[in-house]
Structures are given as C-alpha cells and as structure tokens.
Amino acid sequence: MSAHDAAFGPLLRELRLAKSLTIEALADASGVSVRGIGDLERGRRAAPQRRTVAALADGLGLDDSERERLLAAARIGRTPGYSPVGVRSFPRGIDDFVGRADELAELEKLAAGPPAVHDAESAGGATDAQPVVVTVHGAPGTGKTTLALRAARRLADRFPDGQLMVDLRGTDDTPPGPSELMVRVLKAFGVPDRDLAKSGPQAHPALYRQVLADRRCLLVLDNARDEAQVRPLLPGAGRTLVLVTSRRMLTGLDGVHRLPLGRLDPAEAAAFLTALVGEDRATAEPEALHEVARLCEQLPLALRVAGNWLATRTGWSLRRLADRLAREERRLDALSAGDIRVTNAFDLSYRQLTPDAARLFRRLSLVPGPDVGAACAARLTGQDLYDAEDTLEELVEAGLLGTTADRYRLHDLLCLYGRTRLAAEDGDDDIERARRSMYRWLLDTAVMAGRWYEPDHGAPPPGWQGTVDLSSADRAREWLQAEAPNWLAALHAAAAEGEHASVVEVAESLHWFSDQWIFWGHWPEVFRAAARSAEALGDPLLEATQLNYYAWAVLLCEGRPRDSLEYSARALTAARRADDRVQQAWAHQYAGWAHHLLGEHREAFGHTTHAIDLFEAAGDLHGMLQALLRRALDLEGTRRDEEAAEVYRQALARLDEDADAFQPHIAAVTRGNALAGLGRSLGRLGRWDEAVHHLRASVALCRVDGNIALESRYLLSLGDVLLDAGRAAEAREAFTRCIALGPDADPQRVAEARSRLARPDMR
C-alpha cells in the first residue's frame, strides 16, 4: 500500500472530489458534521472509528474496493505510531511493578467495554458507545499512579488513537483548572493553536468532547484534587477509557467505576522488596525481609524507600534495617532515601485538610487501639457526634483514614505521622486533656454497657446522657467488644495513675458480661488490675470480690486451675475478714471447680457443699443455681450420672419457678449449662434421643444469646454424644460447626473438634 493510500485525510478528500461532492453535501449524506469532515481532510483529527468510516463510505457511495481502501487508511491512522502521545512517553516507575493482579484484571475487563457495544462496532454498525471512567483512589503511597501506568502499558493496543497521561497536580497549593487542562489534552491530540485561538475558551469544552468522542484512546488523569477539577474533563461519548487517580475518593462523581487501592499483601510486599534488593540478599535473610515489609505496612512507597536504601547500601544487612525500623519513634525518619521521604507524601494530603479535620487527624493518634468509633473520636476534639462524623468522613475522603463498617482506622505509618504533627502543633496540656477526656468517657461508657448484664441494673438510667446507643443488651455487647482495646487501655491507665475506685467499678460492672465473651483473652488483666486496686483501697469485701473474679479468669480463661486456687484462697480469707457469706461462697465455688478439673473429687465436693450452704444462708439465688450446677458437674466427674441428671433438672425447675428473679442473660447462661449437662449425663446413660434433644437446645440457646464460647463447648458435647450414638454424619456436622465459630470460641474445644474430625471413622 502506498503512502498516499495510507494517509486517511488526503484519501478522503480524493474520494470526495472524485464523486463531485462538497463537504456540505457529504455531511448531509453521511451524517458526519461539516467540521468533522474538514478536520479529517486537513489532518487535524486522528482517523475516525470504524462506524464513522462506514458512514462516510456510505455517503460517498463507495464500492467494495474503495471502501476497503478507506477502512485500511483509517486502521493505519489509528496505530499508536500515528498518535502524538503514547505509553512510550510516560514517566518511569513501573518496571519493578509487583502484585495488584485483581485490580489489573478488573481494569482489563472494563477496558473491553460492554460486549454488545464492542460487537456492534466490530460489525461496522452504529453504536451508542459510552466512555468508561475508573477512579483509582487510596491513601498516600499506595501506588495509584504506578498502577495506572502499568495498566496503560498493558492496555495500549486496545486504544489505537493514543494514550495520554495528564498530571492534574492535585496536591499543589494552586493546581491547574479544568480549562488549562483541556487545552493540554487538545494540543496533545493535534488540535492546532490557531484553531484553539479561533474557537475561543468558551468553545473549548465542546471541542474537547468532540475530539475525545471521535477517538478510541486511554486518558490517565493523574493526581486529581477533587471532583470539580475532574468532572469537566470526563468525555460524554465515545470509546475512551479514563483512569483517574486521586488520594480522595471523589464520591461526588456519578457513573464511574471505583477501584480502591490498599496495601500489598505480605507475599506481594516481600516480592517487591526482593526485586529491589536482589534475590541473594532476600533469600539469605527471609525473616528480616518479611519484618521490613511488615514495618513498612506493606505500603508500596515505604517499601520502595526501604528497598532503595538497601540497594544503595550493600554493606547493610536486612536485619540492620529491620532493627532500625523497629524503633517506632524513628521509623518515619528511617523511611527516606535521597529526596524521597514517606512523610513528604503524607504532608501533601495533610496540608489540604480543613482545620477541624487536621486537628482530629492529629488526635486520632492518641487512640490506643487499632480503630475507633465516631463517639469516641468526638471526645478527642470536643465536637458533637454529628460534626465528628462529618470530620471523620472528610479524613476518609482524603485517603487518610480507613473504614470497616462504622469503625475508623489509621494505619500505623499514618498514626506515627499523626503523632509527629500532634507534638509539633498541640501543646502538652491540650494533648493530656484530650487523652484524659477520651479515657474517662471510655470507662464511663464501659460501666453503663456492662451493667446491662448485672443483676438489678439493666438499661442505663433515664437521665444518662450518652453518645452511644445502649438501648439493648446486644447494642451494649457490640460496643464493649468493638471498643475493647480502647477501654482496656483506659483501664490500665487508670490503674497506673492510682484511680483505684474507677478500676474496681469498671471490673465490677463487667463481671457477668465476661460470661458472654469468655475467651476474649484479657479478662485476667482486667480482674488482676481490679484486685490490686481493691487491695490498695483497703476494703476486704472489694478485695474478696475482685480476687474471686481473678480466680475465675485464671481458672477458665487461662486454663490454670492449680494456680487459681491461690486466688480463691486469698478471696476466702478476705471475705471472712469482711464477714461476707456471698463472697465466701464464691471462693468455695471456684476452689471446687479447680479441684474438679484437677481430678481431686473429694476436695471438689467439700468446697461445693460449703458454697451451696453459704449461698442458701445468704439468700443469693443466682449463686445458689451456679453452685447446684457445680454439684452436678462433681457428680458427673464421679460417673454418678443419674444423680447429676436429677440435679440439672432441679436447676432447670428453679429457673422456671423463679423466672422473674433472674437477669435474662444470667438465666440464659445458667439454662444453657444445665441443658448441656443434662444432655451429657443422659448420653453416658445411653439415652441418646433425650441427650441429643437437650444438647441441641443448649446450642440453640447460645446461638440466640450470641454466646460463642459456650456454643463451642456445647457443640463438642453434642458431637461426642452423636458419635457415641453411632450418628457419625450428624457428629461431623457438629464438630465442623464448632471449628467454624471463630476466635471467640473455646480454643481447647476447637482443637478437640479438629482432633475428632481427623479420626479414621469420621472421614
């Protein structure tokens, strides 16, 4: 094919003149605008898409050979070499790209467009093609631009009219406006300066839309500031793919696909570092490599800085850098290589925040746990709840704060950065006031939430002015579990500062709630701190009470029955000094439980008998029922199953007779234990159907009550009874359900369930 044949504009003009048609006549016949035909003939526009060529061929009345010449010229005109822009002119930074397979696959899928539209164009028919716009957003340093460049390189062949990257400089103090950016794009696509001057700024938006509508190109709008900067740059028609990268979520843009970008996964982060430091160094110190990746939070920018540092310091071991990064107060300083610093990326986003958002961002670094709710965050700045929620969402929109459901989280490097800004901008007194306000609020709210589960308390009093919804026990449990790392830190701080009465009040309010979340893992810390505070207060009754709670935690949560005996004995001594029968009874109760688990049945029976007598003398119905269950367990331990079953029935009857006397959650735990114990006893007696019925009832009760710890225990007992009854398929289901309960389950029971499933007769 000759050069003359390959030039679309001259060929179109030649064919039009051969048919004795003016541009106006061809426009009427083809439906292509006069201006569009003129720009094509003069080479001011790239060759059109197939549908436009087909319309021109029809308007010219071309035969098959002439039509093919015109189509061939259009195809050549649309090759990347024809375009004044392309991936070959993009900046560096993607040669060591690692991971993001899912994100790249999603972009490839979107680049293909809707199948119906793609097929219609391939057939030469008219389509209502629409551009595809994808926003790639994430925190500073997540590699948004790198992903966009990588995608552009992979997708270049699908966009023969060119690939253009425009830096919107969204983090500049005065970024370019849409009109300036439009002119850049128009010039890049070959629109002459004289045409831009002739049309005038008011016509540039229409010209911009027309140029993009007639092309199939890939447009990367990098580092967008906000929706107002981006919106005018989005084409309204055509087959353009637009990738917008921004630290902001650009929530206000409609009709776009959103691609959030987070950290790399651990394997990808390790591979990225390996590519930077070399295979030999990486394989020589694999543990240090993974530690460096972890301390960089798998953040691509931090990983690149760390990798470049090591690459230029061949005498450094990976362990040396890992140890340097492990020093939290120096980590951000260590993450710098030449003129690249992780803090620079954070600075760009931070300085664009409103004053309220910047202040909250700084103070969120005071949160001791991994995340926080809006009500707790509000205490840090003194905002009301709704204003705090708006400010938190500003931080989310800016890419500085992550969310999961209704929780907000600063990743570790941003938290460290927040602390540096806090130290630089807030006075020591203001910082301490904010911390104390948050801690006081956490402890006060924990007391109110925990009292839902305490006898004679329940819902908060009508006059309570809280900012958290504690309208039900379930809501209280949700808050206590979600904010647990934060109120636990507040409790430790109160203990360290000698606020002993507050520590004891919190522990006391959470006593019965602990039965709902047995294997959280921190109850020994809570009750040990409370026992020490009670001792410091010099009140033997408080001391006995908290020592009993601590004995329970050591016994059940930590699985150390022998060690727990020391604390139940100390509790008994303190309770006698206080002349308090109830706490004496609980001390005997926990001692009897420990001896039972140790197989010391005579001692267990003795302590349980004392507990029953003391509870009865004190008129404590809650304690009395727990002691009855303890007696039944002692009978189970000596294989006196008929007697044990009878005691369990007595406990269930007392629950029914005195239903109004029990807090619902205490009654639910007690009933579940009684039903499960009855099922176990009947199972050992070979009364399989009755046993399974009671055990299934105990499991169902836990499911309704949300007590996962006890549910795991009951499911294991149910599985064992079903297995003994020869119902292996049902037993397998029970063991599988036990394993699937998650981290709040009893770890020992989960391990036993796994062991059961591994048996040959269960496969």
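Nothing fancy with the numbering, it's 1 onward along the sequence.
- The structure places CZ of Arg630 at 12.0 Å from OG1 of Thr609, a figure rounded to the nearest 0.5 Å.
- Within the structure, the salt bridge (Lys or Arg N to Asp or Glu O under 4.0 Å) test picks out no pair touching residues 523-541 (sequence neighbours left out).
- By the 6.0 Å contact criterion, CD on Glu616 is open, its count of non-hydrogen atoms from other residues, nucleotides or ligands being 12 or less.
- A heavy-atom distance below 4.5 Å is not found between the side chains of Glu393 and Glu389.
- The aromatic rings of Trp487 and Trp520 sit tilted relative to each other, their planes meeting at an angle between 30° and 60°.
- Counting non-hydrogen atoms of neighbouring residues, nucleotides and ligands closer than 6.0 angstrom, the CZ atom of Arg475 reaches no more than 12 such neighbours.
- Residue Arg684 holds its CZ atom at 10.5 Å from CG of Asp720, rounded to the nearest 0.5 Å.
- Within 6.0 Å of CZ in Arg577 there are more than 12 heavy atoms belonging to other residues, nucleotides or ligands.
- Distance check: Leu366 CG to Arg436 CZ gives 13.0 Å after rounding to the nearest 0.5 Å.
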Report task. Take Arg409 and Leu401 through the test side chain to side chain contact (heavy atoms under 4.5 Å, CB included) and record every step on the way to the result. Result -> CA-CA 6 Å; Arg409 177 170 188 160; Leu401 200 59; 5.7 Å; no
Check: residues 586-594 side-chain donor-acceptor pairs under 3.5 Å, at least two apart:
unit_1 : atom_1 : unit_2 : atom_2 : d
His588 : ND1    : His607 : ND1    : 3.0
Gln589 : NE2    : Gln626 : O      : 3.1

Requested in this report: Just do the side chain to side chain contact (heavy atoms under 4.5 Å, CB included) check on Glu499 and Arg440 with the steps written out, would you?
Outcome: CA-CA 11 Å; Glu499 298 175 9; Arg440 184 68 264 158; 4.0 Å; yes
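- No option in Arg631, His694, Glu636 other than Glu636 meets the side-chain hydrogen bond (donor to acceptor under 3.5 Å, both in side chains) test with Tyr648.
- Once rounded to the nearest 0.5 Å, the distance linking CD of Glu730 with CZ of Phe735 reads 12.0 Å.
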